[in-house]
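Heads up, the thing below is written out as C-alpha cells.
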Amino acid sequence: MNETALFFALAVPAVILLGLSKGGFVGMGALSLPILALAVSPVRAAAILLPVLIVQDVVGVWVFRRSWDGHVLGWMLPGSVAGIALGWWYAASVPEAAVLGLVGAISMVFGLYRLWIARGGKVAAPARSPGWVGTLFGVASGFTSQIAHAGQPPFQIWALPRGLDRDTLVGTTAIFFAATNWLKVPAYWQLGQFTQANLTAAASLIRVAIVSTLAGVWLVRRVSPARFYTAIYVLMVLVGAKLVWDALI
C-alpha cells in the first residue's frame with residue numbers, strides 16, 4: 001500500500017471515531033491520533049486532525065449549547081491554557097521519537113484507565129474538591145490534549161464527581177474541548193504544522209467528520225455504547241504499545 005492510500009485507510013476510521021466521540025460516545029476519539037500516527041509523524045497527525053476537531057466541535061456545541069456547567073469550565077479552562085503551553089514546549093524541544101513515545105504512552109494509559117473504570121475501578125477527585133484542584137486537572141487535560149488530542153481522563157477525574165446529568169456533562173465536555181482546540185491553534189502554528197499539505201488533508205476529511213458527528217449524536221440516544229468500548233480501549237492499548245516500540249527502536 002502506498003503512503004497516500006495508507007494515510008486515508010487510517011485517517012477515515014480515525015475521523016469516524018472522533019465524530020462518534022464528539023456526538024456523545026465520550027472517549028472513543030482518543031484512539032484517533034494513535035491510529036493516524038501509524039502513518040505520519042505524531043505532530044503532523046495532530047495538526048491534520050485539529051481542523052477536523054474544530055469543525056466537529058461546532059456540531060457538538062450546537063446540539064448541547066443549553067446544557068453546560070459554568071463552574072467546571074471556569075476553573076478548568078485556565079489550567080488548559082497552561083497545559084497547552086507545556087505541550088507546545090515539549091513538542092518543540094524534543095526529537096520526534098520522544099513525541100511518538102509519549103503519544104503511545106498516553107494511549108496505553110488512557111486505554112487501561114478506561115478498561116479499569118469499566119470494571120468498577122474508580123479514580124476521581126472528591127465531589128466537592130476546591131476549584132484550584134480543577135485548574136490542576138485542566139493543566140493535565142490541556143497538556144495531553146495538545147500532545148495527543150487525549151485530554152478526557154484528567155477532565156473526567158474532576159468533572160464526573162460533580163454529579164452532572166448526562167446532557168450537562170456532554171455539553172460541558174463539548175464546550176471545554178471546543179475552547180481547548182481553538183487554544184491549540186497558535187501552538188500548532190508556531191510548530192509550523194499548518195502547511196498546505198496538512199490543511200488539504202484535513203479538508204478532505206471534513207465531510208466524514210460532519211457525518212460521523214451527526215451519527216454519534218443520533219446513536220448515543222438510541223444504543224448503549226458499552227458494547228463498543230471494550231474493543232476500542234483494548235485496541236488503544238495495543239496501538240499505544242506499537243507506537244512506544246517504534247519510538248524505542
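What you see is a predicted model, and the numbers here were worked out from it, not measured in a lab.
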### Task
Check step by step if side chain to side chain contact (heavy atoms under 4.5 Å, CB included) holds for Val15 and Leu49.
CA-CA 8 Å; Val15 171; Leu49 290 177; 4.1 Å; yes
### Task
Decide yes or no for Ser107 and Val237: does some side-chain heavy atom of the first lie under 4.5 Å from some side-chain heavy atom of the second?
no
### Task
Check whether any side-chain heavy atom of Leu205 lies under 4.5 Å from a side-chain heavy atom of Phe8, and answer yes or no.
yes
### Task
Verify the distance criterion only: is there a donor paired with an acceptor across the side chains of Trp158 and Ser129 at less than 3.5 Å?
yes
### Task
Before giving the answer on ring-ring contact (aromatic ring centres under 6.0 Å, His included), spell out for Phe155 and Phe137 the whole-Å C-alpha distance, their side-chain angles and the decisive distance to 0.1 Å.
CA-CA 6 Å; Phe155 176 85; Phe137 280 109; over 10 Å; no
### Worked verdict on Leu50 versus His149 for side chain to side chain contact (heavy atoms under 4.5 Å, CB included)
CA-CA 8 Å; Leu50 184 56; His149 295 324; 4.2 Å; yes
### Of Val103, Ile35, Val99, the residue whose pairing with Leu243 passes side chain to side chain contact (heavy atoms under 4.5 Å, CB included)
Val103
### Query
How far apart are the C-alpha atoms of Gln156 and Arg114, what are their side-chain angles, what is the distance that settles it, and do they pass the side chain to side chain contact (heavy atoms under 4.5 Å, CB included) test?
CA-CA 11 Å; Gln156 291 176 343; Arg114 293 307 301 244; 3.0 Å; yes
### Query
Do we see a donor-acceptor contact under 3.5 Å between the side chains of Ser80 and Thr180?
yes
### Query
Hey, does Met108 have a side-chain heavy atom less than 4.5 Å from the side chain of Met236?
no
### Task
Any chance you could measure Ile175, atom CD1, to Leu77, atom CG, to the nearest 0.5 Å?
9.5 Å
### Message
Using the rule that Ile, Leu, Val, Met, Phe, Trp and Tyr join whenever any side-chain heavy atoms are under 4.5 Å apart, tell me whether Val12 and Leu31 fall into a single cluster.
### Response
yes
### Query
Under the 3.5 angstrom rule, does the side chain of Ser67 hit a backbone N or O of Thr168 as a donor-acceptor pair?
no
### Query
Just wondering, more than 12 heavy atoms not from Arg207 lying within 6.0 Å of its CZ?
no
#### Entry: Within the 6.0 Å centroid threshold, strictly below: Tyr113 and Tyr233
no
### Message
Strictly distance-based, threshold 3.5 Å: is any side-chain N or O of Asn198 a donor or acceptor partner for the main-chain N or O of Phe194?
### Response
no
### Message
With heavy-atom distances below 4.5 Å as the criterion, would you say the side chains of Phe176 and Val72 are in contact?
### Response
no
### Query
So do the side chains of Asp69 and Arg162 get within less than 4.5 Å of each other, counting heavy atoms only?
no
### Task
Flag the pair Gln152 / Thr173 as yes when at least one side-chain heavy-atom distance between them is below 4.5 Å, and no otherwise.
yes
### Query
Checking Tyr188 side chain against Gln146 main chain: does a donor-acceptor pair fall under 3.5 Å?
yes
### Query
For the hydrophobic clusters of this structure (ILVMFWY residues joined by side-chain heavy atoms under 4.5 Å, transitively), does one cluster hold both Val52 and Leu17?
yes
### Query
Checking Lys184 side chain against Ser145 main chain: does a donor-acceptor pair fall under 3.5 Å?
yes
### Query
Please walk me through it: do Ile54 and Val185 pass side chain to side chain contact (heavy atoms under 4.5 Å, CB included)?
CA-CA 10 Å; Ile54 288 172; Val185 169; 3.8 Å; yes
### Query
If only atom types and distance count, is the side chain of Ser212 paired as donor or acceptor with the main-chain N or O of Ala209 below 3.5 Å?
yes
### Message
Any non-hydrogen side-chain atom of Leu102 less than 4.5 Å from a side-chain atom of Phe143?
### Response
yes
### Message
I'd like to know if the side chain of Thr135 and the backbone of Trp75 have a donor-acceptor N/O pair within less than 3.5 Å.
### Response
yes
